[in-house]
Asker: 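Starting off with a structure, shown below.
Here the structure is a predicted model, which is why all the values come from computation and not from measurement. Within every chain, numbering begins at 1; the chains are lettered A, B, ... in the order of the sequence lines, protein sequences first and strands thereafter.
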2 protein chains.
Amino acid sequence: MTKIHKIPDVVIKRLPIYLRYLQQLMERDIDTVSSQQMGEDLNLNPAQIRKDLSIFGDFGVKGMGYRVTELAEKLISILGLDKQINIALVGVGNLGAALCQYNRYQNTSTKIVAIFDGHPAKVGQKIGNLVVHPMEDLSKVVKELNIKMAIIAVPAQAAQGVADQLIDCGIKVILNFAPTLIQVPPGIKVQNADVTTELQSLAYYL
Amino acid sequence: MTKIHKIPDVVIKRLPIYLRYLQQLMERDIDTVSSQQMGEDLNLNPAQIRKDLSIFGDFGVKGMGYRVTELAEKLISILGLDKQINIALVGVGNLGAALCQYNRYQNTSTKIVAIFDGHPAKVGQKIGNLVVHPMEDLSKVVKELNIKMAIIAVPAQAAQGVADQLIDCGIKVILNFAPTLIQVPPGIKVQNADVTTELQSLAYYL
DNA sequence: TAGATTGTTAATCGATTAACAATC
DNA sequence: TAGATTGTTAATCGATTAACAATC
């Protein structure tokens, strides 16, 4: 039996950074890159980059570095970005609506495919090419559109309730923009992206 | 001479979480809280909370815990949130405009007080109670309004140029929503908040 | 006083980095 | 082959956690 190493979150967070960098190299028709060069450009230690990548396989060529296109493909496959990932957005206030529009024009495999709001006045409105659903439709739409991930962009006091509903529908991964901590059972991954909290911690550095 | 410990970023990021929690307790008229209780509610180790807080002073009372209001005030003071922090927002696309509106209704000391855009068509437009300035006014407005912090919400290819201009104006702290790494000289603090990258790393957990 | 809880030390855990044999 | 660079081990660094004397 192979020993499964738990891969640290901090490594996973670096993978999209590597990927984006490699895609920039591809645009400049650069074929190979060394960990040394990557480290300089990304402000990271080359040994760390090699170690991160070696967790997933031997992607490099000794004496030569990494083949850019090949490594990018590997990272896309590791992250699971080789097929579209359907996302539900809950809460179409200023921030939610903007995230929806923003995502629409991004050429990325993580796609918002359905939007929801608990406020009856919002239901039926169009944001980009999507119509706002009522919360009652959540379970049905999540199943129909094979939605795997959710973004919470509702006010703080509504966030926990929304999270509970999402989890009930089988959602396992949540990006939370609400300025509050949400409690979830084991096996559910929540990433907080609260702007107010970020600004407050940045205030310290002034 | 007192030895100055470099306080880890990871500790600074937890302080606003503690603060928000204490403010919730205040709303519920709770006077004191133990690190044990805080740890349960915030999913953190109590020893870690005590250690974090003890870096800044002896805020607790043995046998009793922490006085909620007092600790909240201390954290506000440590973070520098006891006076308004003026922020410049650069880039009023969907996301920038939403951040501006969102910030407007947040009751927090970090305030967006001026907005800028490099696109002539945007200049003069009103977002909430603010008028979009041209980039040429950046230096002047930053001085006039005593702006200390900036939010970048421009497309990736414009981000580095904007960052350079901000740094030229004396800005030391930047929250970057553009999906690209920006290179800055030592002494400048950049926090990345790119939604696409966050979604891509979350994809891994599916 | 007895019970509770802090602040802090020491132990543990985990992540980063340096160093280098393997090898393209 | 000589030079370059990987993958990986060992050393280092730093953060988390357990344990407990101090003390309210």
Asker: According to the Watson-Crick and G-U wobble definitions, with both distances under 3.5 Å, which nucleotide is paired to D/dC24?
Answerer: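 In the structure as shown, D/dC24 has C/dG3 as its Watson-Crick or wobble partner.
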
Asker: Please report, rounded to the nearest Å, how far the P atom of D/dG14 is from the CG atom of B/Asp52.
Answerer: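 That distance rounds to 17 Å.
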
Asker: Can you tell me how far P of D/dG7 sits from CE of A/Met64, to the nearest Å?
Answerer: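 A/Met64 atom CE is separated from D/dG7 atom P by 12 Å.
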
Asker: Ion pair present between A/Asp31 and A/Arg28, side-chain N to carboxylate O less than 4.0 angstrom?
Answerer: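 Result for this pair is no, no salt bridge flagged.
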
Asker: Consider only side-chain N and O atoms of A/Gln84 and A/Asn86, and report whether a donor and an acceptor are under 3.5 Å apart.
Answerer: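 Side-chain D/A pair, A/Gln84 to A/Asn86: present.
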
Asker: When the distance from CD1 of B/Ile49 to C1' of C/dT5 is rounded to whole Å, what number comes out?
Answerer: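 It works out to 13 Å between those atoms.
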
Asker: Mapping A/Asp9 and B/Gly57 to their closest nucleotides on DNA chain C, which lands nearer the 5' end?
Answerer: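 Final value for this comparison: B/Gly57.
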
Asker: Could you please name the option among C/dA18, C/dA10, C/dT6 that lies closest to any side-chain atom of B/Lys51?
Answerer: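 Of the candidates, C/dA10 comes closest.
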
Asker: Please determine if a side-chain N or O atom of B/Arg50 lies less than 4.0 Å away from the OP1 or OP2 oxygen of C/dG7.
Answerer: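 So the side chain of B/Arg50 is outside the cut-off, no N or O lying under 4.0 Å from OP1 or OP2 of C/dG7.
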
Asker: Look at all strands and tell whether B/Pro46 reaches a base, only sugar-phosphate, or nothing, counting heavy atoms closer than 4.0 Å.
Answerer: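 No contact.
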
Asker: Need the pair for C/dA11. Rule: Watson-Crick or G-U wobble, both distances under 3.5 Å, any strand; none if unpaired.
Answerer: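 Looking at the geometry, C/dA11 pairs with D/dT16.
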
Asker: Would A/Lys74 pass as a cation-pi partner of A/Phe59, given that its NZ or CZ must be under 6.0 Å from the six-membered ring centre and within 45 degrees of the axis?
Answerer: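 Judged by the rule (NZ or CZ under 6.0 Å from the ring centre, within 45° of its axis), A/Lys74 is not positioned above A/Phe59.
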
Asker: Between C/dA2 atom C1' and B/Lys62 atom NZ, what is the distance in whole Å?
Answerer: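 It is 18 Å, rounded to the nearest whole Å.
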
Asker: Please give, in whole Å, the distance from D/dT6 C1' to A/Met38 CE?
Answerer: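 Going from CE in A/Met38 over to C1' in D/dT6 covers 13 Å.
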
Asker: Quick one: is B/Tyr66 getting a side-chain N or O under 4.0 Å of the C/dG7 phosphate, OP1 or OP2?
Answerer: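 The answer is yes; a side-chain N or O of B/Tyr66 sits under 4.0 Å from OP1 or OP2.
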
Asker: Measure from CD1 on A/Ile55 to P on D/dT8 and round the result to the nearest Å.
Answerer: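 From A/Ile55 CD1 to D/dT8 P: 11 Å.
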
Asker: Report yes if a side-chain nitrogen or oxygen of A/Arg67 is closer than 4.0 Å to either non-bridging phosphate oxygen (OP1 or OP2) of C/dC24; otherwise report no.
Answerer: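 No, no such contact exists.
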
Asker: Quick check on D/dT5: is either OP1 or OP2 less than 4.0 Å from any side-chain nitrogen or oxygen of A/Ser35?
Answerer: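 No, no such contact exists.
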
Asker: Are any of the side-chain nitrogens in A/Lys189 or A/Asp9 under 4.0 Å away from the carboxylate oxygens of its partner?
Answerer: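 Salt bridge: yes.
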
Asker: If you assign A/Ser34 and B/Val10 each to the DNA chain D nucleotide with the nearest heavy atom, which residue ends up on the more 5' nucleotide?
Answerer: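 Mapping each residue to its closest nucleotide by heavy atoms, the 5'-most match is A/Ser34.
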
Asker: Looking at D/dG7, D/dT16, C/dT8, which one has an atom nearest to any side-chain atom of B/Gln48?
Answerer: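 That would be D/dT16.
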
Asker: Please state how far atom CG in B/Asn43 lies from atom C1' in D/dT17, giving the value in whole angstrom units.
Answerer: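 In whole Å, D/dT17 C1' lies 16 Å from B/Asn43 CG.
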
Asker: In whole Å, what is the span from the CG atom of A/Asn45 to the P atom of C/dA19?
Answerer: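 Going from A/Asn45 (CG) to C/dA19 (P), I get 11 Å.
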
Asker: Check the phosphate of C/dA15 against A/Arg14, side-chain N and O only, distance under 4.0 Å to OP1 or OP2. Yes or no?
Answerer: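 The answer is no; no side-chain N or O of A/Arg14 sits under 4.0 Å from OP1 or OP2.
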
Asker: Hey, is NZ on B/Lys13 packed in by over 12 heavy atoms from elsewhere, all under 6.0 Å?
Answerer: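 For B/Lys13, atom NZ is not crowded (no more than 12 foreign heavy atoms under 6.0 Å).
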
